[in-house]
Every structure is written in C-alpha cells, then in structure tokens.
Amino acid sequence: MDYVALPKIELHAHLTGSISRKALHEVWLRKKKNGETDLEDPLVIMPEGKHDYNLETTYIYGLLTDEESVRYTATSVLTDFLNDGVCYLELRTTPRGTPLLTAEAYVSVLLSTIATFELENPQLHTRLILSVDRRHTPTMAASTLALALAHSHEGVVGLDLCGDPTAKPGGAVAAFTPVFLEAKKKGLGITVHFAEAEASGSKEELDVLLGWQPDRLGHVIWEDEASKEEIARRELCLELCLSCNVQAGMVRGGFEGHHFGAWKDIQGPKISLGTDDVGVFGSPLSNEYRLVAEHFGFDREAICGLARQGIEGIFGGEIEKDRLQSIMWE
Ligand SMILES: [Zn+2]
C-alpha cells in the first residue's frame, strides 16, 4: 500500500518541532553569513536522529527570531506535510515575541504564509491552533486566547494546553480554567495534552481538563479507568502519536505495547494519528500509518477507515469536513 498517496489528516503537530533539521540549517547559514548568530551548525550539533529537548529549544528560539525565518521554516513545514500526502493540517504553536517580531506579528506572519502556500497548493488546507504552555501565567494564557480570537476569522481554530508535564502538578492547571471556558464559549476548538506523563496524569488534573469540555485529547497515556470511561462516553477524538511515544520512552513494550492497541477496540472515541514533532522524531505521518499496519495487522480497508476517523474531529468547520469526506472516500 502507498501510504504517501493515502489522503491524511494531521491534527497533532507542533510547528517548531515539525521543522526539518535541513530547514533549520538553512536559516542558520543565512544568519551566520550575516553575522546574526553565534550558534554552531545545527546539522553538526543535532544530527538527524539525535534528540535533545534543550538543544532544540535553544535553536528554535535562537534562529526563529524574525519574519523571514518564520516564513521560511513554516513554508518548509507545509511543503513537507504536502509531499507526505496530508490534505488537512492543524499546526499548533505557542505565540512568543522576540525583539524583532511581536507575538501578534508572529501569528500574522504564520497566517499569511499559510494563505500564500494554500493559493499555490490548494490540495492542502491548514489551520492554526494556539498553545498555552503550562509554565505560563494565567495572564499570558489570556493574551494567547485574545490573539486566537482576534485571528479566528483568518484560520486560528483552536486553543491547546501543552508544555512540561511537571509544571502545575496535581490539578494546578485549574489556573487556566477561566481562559479555556471562555475559549469554548467563543467557539474555539479545545484540545489538551492529556495524561501525557505520570506527572500530568493525576485524577485531580484530569477532572480539571475534562471540565473544560475539550473536543480532542492528545496522547492519553496515564489516565485512570474512570477517565477512560468518561472519554469513551463522550466519544472524544484522540490524537495518538506512536513514534513520538515509543522513541521518547513514554510507553513500554515498543509499538505493540502502545495504547493505540487498546483504544482501537473501544467503542466511541475516534482516533487520529499524529506526528507531534516530525522534525525531531523523523517519522512522517505516512510512516505512522505504515507502523499501524505493520504492528497491529491493519489491512488496506482498515487503514483507510482509520485515516477517515479524524474527519469529525477537525476544528475547520462543516464545509471542510465535506471536502475531506469527498477526498477520503474516493
Ligand atoms: Zn504534542
């Protein structure tokens, strides 16, 4: 089966983590030539296959500081997803200002890059989700929400909770409750990183998160039985990221031990495979489908059925769902 040709929906991809090492290298080359960076060549410091969260953060923050680098890397990410056969993409990002680019300008640059790309490549439709980082203050979260609402008519479709699972433990994420309830009220889609690690899998936290009435949940690894039942009862869409979880050691037992195997047989929830950080883990979405076929014995029909499960979970609206229905049932 040709997994690249299979039309696919990607709902869990972090923009900066999706930038290829090569694209980062090219931004670095330009900055080096102009005397704008002291960093070493990212291809040498972070060769493909080597993961180091702190290094990656240093490079992203050190290189994506101006409009040109944001446009260049975002276009490269969109090109990579398009070439992998993705027809609908929701990219998430935490708006962050730099001395050369305010958070507001960052979001505007991304939206205009997406619009330009879509004119030339109408087969891929891309929407933006803004992320609240767990380390943020409620005030920062409120300004992320304000940005999302200000740009909701231009392609920002949702709000996400992401970041270090050890920050705000034991239900302290409740500090963000007013922001997420307001986002929901204003019609934004809600997705959260849910029970991603043991530290963020407490019953207190999961009750807070489920209280936000999220539409989708990312990862869903450490939840208790009661939360599992509630997720099934609500028929939520689950964004499951196999290679990321296996490579980062977030699950035991390799691919066969991944909780995709348990969720696939539970009635109610819809599963959407995601790459999380394809620039880091190096496994494009087509390969995630190949891995499911290989490790869970999915045949062609089952793979096509799985790819379609994400349609109902998208934040892009009914017209977009109709477009995807027609493409994915061809
Ligand atoms: Zn994620």
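Computed from a prediction, not measured in an experiment: that's the story for all the values here. We use all heavy atoms of the structure for the numbers below, so side chains are in, but hydrogens, waters and symmetry mates are not. As the structure lists them, so they are numbered: ligands from 1, and atoms in each ligand from 1.
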No waters, cut-off 2.8 Å: how many protein N, O or S atoms are close to the Zn ion (ligand 1)? 4
Hey, do the aromatic rings of His259 and His219 have their centres closer than 6.0 Å? no
Kindly state each residue pair satisfying ring-ring contact (aromatic ring centres under 6.0 Å, His included) with at least one member in residues 141-180, sequence neighbours excluded. Phe180-Trp212
Measure from the side-chain N and O atoms of Glu67 to the backbone N and O of Val109, and report whether any donor-acceptor pair falls under 3.5 Å. no
Would the distance check show the side chain of Glu223 and the main-chain N or O of Gly201 forming a donor-acceptor pair, the cut-off being under 3.5 Å? no
Exactly one of Asp322, Ile9, Ile327 clears side-chain contact (heavy atoms from CB on, under 4.5 Å) with Ile311, and that residue is Ile9
Determine whether a donor-acceptor pair (N or O, by modelled atom type, separation under 3.5 Å) exists between the side chain of Arg21 and the backbone of Met46. yes
